[in-house]
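Every chain is numbered from 1, with letters handed out A, B, ... down the list of sequences.
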Amino acid sequence: MRKLEIKKFLANNAVSILFVVIGVLGLRVSGLSLPFFLEDIVNRLARNSFMVLSLIIPVLAGLGLNFAIVLGAMAGQAAIIVVTHWKIPGISGILLSVLLAFPIAVLLGILTGRLLNRARGKEMITTLILGFFANGIYQLVFLLLVGSVIPMKNDVLVLSSGVGLRTSIDLTGGLKNGMDDLIRIPFPISAVIIGILLSGVYLFKYFFQKGTVRIGKLLGMGILGLFLVGWGAFHVYTHSMFNFVRVPVGTFLIVLGLCLFITFFTRTKLGQDMRTVGQDRHIAEVAGIDSDRVRIIAMVMSTVLASIGQIIFLQNLGTFSTYGSHEQAGMFAIAALLIGGASVAKATIGQALLGTLLFHTMFIVSPLAGRTLFGDAQLGEFFRAFVAYGIIGLSLALHSWKKQMLAREEARRSV
Amino acid sequence: MQYDNKKSQATVILEPILKTIRSFGIPRIIIILFLVSLWFSAAFLSIPFPALLYDTLIRLGMNTVLTLSMLPSILVGTSLFFGLPLGIICGLLGGVMSIELNLKGLTAFFAAIGFSIPLAILVGYGYGLLLNRVKGSEMTVGTYVGFAFVSLMSFGWVTLPFKNPEMAWAIGKGIRVTVSLEGRFSNVLNKLWAFEIYGIKIPTGALVFMGVLCLIVWLFLRTRVGLAMQECGMNPKFAKASGIDVDRMRILGTIISTILGAIGILTYAQGFGFLQLYEAPMYMGFIAAAAILIGGATLKTAKISHVIVGTFLFQGILVVALPVANTVATLGSLAEISRIIVSNGIILYALAQKGGNE
Amino acid sequence: MEGNGQIVLEMKNISKEYYGNKVLKGINLSVHKGEIHGIVGENGAGKSTLMNILFGMSVIHSTGGFEGSIEFLGKPVTISSPFDAMALGIGMVHQEFMLIPGYSVTENIKLNRETTKENVISRILGPGLQTLDWKSMGQDAKKALARLEMHIDEWAKVAGLPVGHMQFVEIARELDKEHIKLLVFDEPTAVLTETEADTLLSALRRLSENGISILFITHRLHEIMEVCQRITVLRDGVQVASKLKSETTIEELAQLMVGHSIEYMGKRKVNLTERKTILKIRDLKVLMPGETVQKVDLDIKEGEIFGIGGLAGQGKIGIANGVMGLYDSYGSVEFEGKEISINNPREVLKRGLALLSEDRRGVGLLLDMSVEMNIIAPAVEIQRKFLKKFGFFSLLDRSQIRSFALDMIQKLDIRCLSPDQPVKRLSGGNQQKVCIAKALALEPKLLFVSEPTRGIDIGAKKRVLDTLVELNQKNGMTIVLTSSELAELRSICDRIAIISEGRVMGILDPDAEDAQFGLLMAGEYAVR
């Protein structure tokens, strides 16, 4: 029984486990020091988690992986360009860009949702192509129309010809780290806080929401929490390098807020309707749920969240490629989600966060590992791209294959 | 009975008219209008027309075979062939081998094709097996398998033991990102039997080559196996009930598409003058898909005429857009941007039509 | 209780036409409070149309509505959508479950009727964001299940439940709707085992004791006799009888259900005992969803027209599909004394069998292709006909194809503009003729014909049947005709096998008594 359970666990989490192994091996080969790695990974988690989380809701509504979060990313990016042009720095600039991006994202979300209602059963490929298409429109606007049709005078942002934006935009002195720098706490102290929170949450769940947490998990999480507290407390009083890793707590609080919102949302009437539509549209409609509307709402939510996600992403990065950043955002977020163990039909907050962690670990170590192993950092980069594309292809294929097998099984079982 | 007759009479008259309108469709009308208006503006800006037409013909010869690779895939029911990068890479490998063996001219070109076909058969077979397991999601899976294969092959280009210094980086290892075909098989088809008429140069060899391939596919579709393949695409249940092994046919269709992709990229490369390696093949599938859709194909039906007409219209726009844009203003990227918008727009349009499952 | 309570539902003089085809003629139906009212009839007798009218389904309204009136609790009502019916207190327990397997029993019972609580966010952003009140939902579910005396864990996932329990979840959902007054059960026992069916029947009785009226649609006559107080029999859209249970017997119901509609045209009684067996089927099992064949043994004689009848979903359709290899099958099939490997359509076709599929548009035709290509496609594939050799490859022979197609069009009277016309433009009857032509191009020795007249008009029906008889008599082709219409089978077949629950219930002569057919179809063994 026990053995079977372990086997099942391994089979269900094969992808994540593989990436844990790759990450750990890569870390050893790359020769990175732990504090250095932590600094990078903490930053990247703050940067990308929100974006990855924005993918969950469409999965819930049965729309699959929303490659069209690229559109949300564009909305966010457009807002950032405007705010940078207006030279509004820091957190106020960030808030303003969120506000500016909001109506654009809502509009794009509605359009995407309506398109998807026309392209039933072909949602994923449609969002994928829609991303490419929107990229063309985006380039048209920012490369050709800005400066020629849309008046904009700004020597820093606009190309010397006066038409079109430069290919990369620096946010230093503007939005850069506007959110991250609100509160920064050294890593050991953060570890103490997380440790307390972790054990606290599980204790609460164990005693007040009976049946949701088993004693084994409680003990595991409790021990992990205590370890974090102990480790953190120890390091606070040393001169270890860990104290120089400063965690952008403000950003993480926003991410936490989104996690809470998603959890809350799945327990609402609308969230339940979304799940129902995702499980079986026909039954949902017979029960009186307007599935088209629910799907549009899901797309709007995802697009809006992605626009915020991109703003968080870019303020953390501090510089971006005007015509490329959004493109990568979508693909990397999806790859991260899948690495966390999610599938086309199921995605959880835990999977999103774990996936972000594992994906970025691979991201950090693969060029370095490539250099050490093959004497060529570029090979590591190829590997990175291969993994991102491969994991998406693989999980799409597995999902479709599983569906086919299930249908066959169903036919056999109905006999 | 009378009622029946009346109805059929009405349909006799209306049918052809409706059919033409339907087969054209709104996006095609827009594209034709766009092309015509580009031509007019080209004339207005006194851009030499023969040069434009020559360019269009060259591009037609370069791109038609790539577009043709969509056809077997659509007909056999695996939808648009977004796995095209797989075929392209086979073709590129063939090209690289031919250079490695120091071949020149037409021999080099046909040797490259000869080398790439067995590879394409192998790769197409494997890809076909995969597609049979992901029925209904061929396009999404195909896209990402194609992308993944491209990045995997990037390893290959760096590590494969090709020695010819023409292809190598000046420093470092591996093959260059673009390998020049100058003195190899650059323009071999374009120059073959080329002649000039009314000031317009005709790249006869390229057009004949593309015509022969189209003819071969056209004939194939009229054989027993070709018919069986089309039955699979139109109605797999019908095919099964007629004793056809649908899965095998799908593999066959995929192999043919892959082979055409390999030949297609070599034809493209001879006109372009370079082999483009590494990430270059990634988005070529979308361009070829857009071309056949512009020609009038759907996700489920396609004809040879769609291939040729579509490639002509699409490449025509790209050829004319560039000089027109450059004359109007220095909007260097207009051609590139309109390529992105037109190609993805037409694919979106096809996806949003009723019917057909992904 | 019989007929003395308050009248809950009264449907008066209901008639319905589909495209000039009368499918219901002046039906009167009344259901009293707490009554269990049975409705029996063959497929196509009009049961489902009647229910579609009661539930205001869009298929009724998009085809011109219906004639007659409906009264509910003594008041005339218009029901223009299923939601109107729901609001009145009419519920339906579907034959195919409307359950989400991944959801718990409670979630399924409360589907789109979840109880919610307000919260801070919902006050700002609207009621869509109210949180679900799991506790009260669970209680409701428990209560509804308790009314059925079912003890299912209300938090269990539906996916793991036995089929019988799923049915109860479905019923509980209807019961949970407030003011439910009338429940319609559409063939509820079809998927249940015998004991599960018994539990269901006693649940029905309990509901009726609680004052809920029930319309019980089934073809299992003994179940009807067990629980119903009154029974309405439909046949060909006509209400042939409405009887109190005490006034009737199973045999009478069976007879009423089948009835006499077409005379046997059997002018050609043949002596079958002298003929040799051309097709021998042993232990055939076919995994065709919805039409499973459990275990069938049949001997088809050379040159006969053999009929296979039975109600929908009982497996009669599966036999031909199984032999032809279209669905996974087990067992042995001998053709002309030699074993043929089933699950291999190609070999079966090569041996000279062919199938005219019941799913004309789905399996039988390439809708976008021309008439002529449809006709010749299988013959090209199987027999390499219609090909012309050019050196080392062969191409389709256009002129040979055209002349064959024209010949068929003339012989079978296929109405089309030209052999080039796509078949999707043809009428149902003409499409069927294209299918026949397709089978003829293969020149089969034995032809399976499944539901050849389904969905085609009466004139065309007769022509299709005449063609079959002609093929049989002139060309000596053995024909196995599968049909839901008993009258059709009896008009041209030499023998008729009745299939129920995936088995042969009995083989009858076409002129056997109605009651015998009826009983076999209802799954009751005939009194020999």
Side-chain angles (χ1 to χ4, degrees), chain A residues 57 59-62 106 208-212 257-258 260-291 293-298 300-301 304 343 345-346 348 402-403 406-415, chain C residues 55 57 81-83 86-87 92 94 96-103 107-122 125-134 137 155 158-159 163 170 173 177 191 285-294 313 315 318 327-330 502:
Chain A
I57 284 173
V59 174
L60 196 70
V106 169
F208 293 97
Q209 296 180 336
K210 294 231 156 91
T212 51
L258 179 59
L260 290 178
F261 174 75
I262 292 174
T263 317
F264 161 77
F265 182 74
T266 51
R267 290 173 190 176
T268 62
K269 173 77 179 104
L270 188 57
Q272 182 78 359
D273 286 356
M274 240 170 231
R275 276 176 64 205
T276 308
V277 171
Q279 298 271 332
D280 192 317
R281 270 180 72 161
H282 175 60
I283 294 180
E285 272 166 19
V286 170
I289 298 172
D290 182 350
S291 72
R293 184 175 155 269
V294 167
R295 282 156 56 104
I296 291 177
I297 294 175
V300 169
M301 290 178 72
V304 169
S343 73
K346 189 167 184 289
T348 62
K402 233 185 235 170
K403 215 164 61 182
L406 271 181
R408 204 169 291 170
E409 195 120 303
E410 185 76 10
R412 199 150 294 183
R413 211 164 51 87
S414 74
V415 170
Chain C
F55 281 91
M57 301 303 276
S81 79
F83 301 106
M86 206 195 284
M92 167 76 122
H94 297 270
E96 83 270 29
F97 300 137
M98 287 292 170
L99 296 177
I100 293 181
Y103 273 11
E107 281 171 295
N108 270 297
I109 289 178
K110 302 296 285 186
L111 199 65
N112 202 27
R113 295 181 303 103
E114 294 90 353
T115 23
T116 55
K117 291 186 292 206
E118 279 210 32
N119 58 47
V120 191
I121 297 176
S122 75
L125 292 175
L129 290 179
Q130 288 180 352
T131 23
L132 301 183
D133 186 350
W134 291 105
M137 283 166 62
W155 298 114
V158 161
V163 180
E170 185 114 327
R173 179 197 295 163
K177 292 174 184 167
V191 288
K285 180 174 175 163
V286 184
L287 306 184
M288 178 172 178
E291 285 283 350
T292 316
V293 178
Q294 298 294 354
Y327 290 91
D328 285 354
S329 329
Y330 308 90

(Q) With a 6.0 Å cut-off (strictly less than), is the heavy-atom count around CZ of A:Arg267, excluding the residue itself, greater than 12? (A) no
Q: Quick one: closest heavy-atom pair of C:Tyr103 and A:Arg275, and the distance?
A: OH-CB, 3.0 Å
Q: Walk me through it: do C:Met98 and A:Ile283 pass the test side-chain contact (heavy atoms from CB on, under 4.5 Å)?
A: CA-CA 6 Å; C:Met98 287 292 170; A:Ile283 294 180; 3.8 Å; yes
Q. Distance-only, no hydrogens or angles: does the A:Asp280 side chain make a donor-acceptor pair with backbone N or O of C:Ile100 under 3.5 Å?
A. no
**Q.** Candidate list A:Val286, A:Thr276, A:Asp273, test side chain to side chain contact (heavy atoms under 4.5 Å, CB included), partner C:Leu111, passing option
**A.** A:Thr276
Q | C:Ile121 versus chain A, the contacting section by heavy-atom distance below 4.5 Å | A | side chain
Q.
I need the minimum non-hydrogen distance between C:Leu129 and A:Phe264, along with the two atoms involved.
A. O-CZ, 3.5 Å
Q.
With a 4.5 angstrom heavy-atom cut-off, is it the side chain or the backbone of C:Thr131 that approaches chain A, or both, or neither?
A. both
Q. Going by heavy atoms in the side chains, are A:Lys269 and C:Asn112 under 4.5 Å from each other?
A. yes
Q: Quick one: closest heavy-atom pair of A:Gln272 and C:Trp134, and the distance?
A: OE1-CH2, 4.1 Å
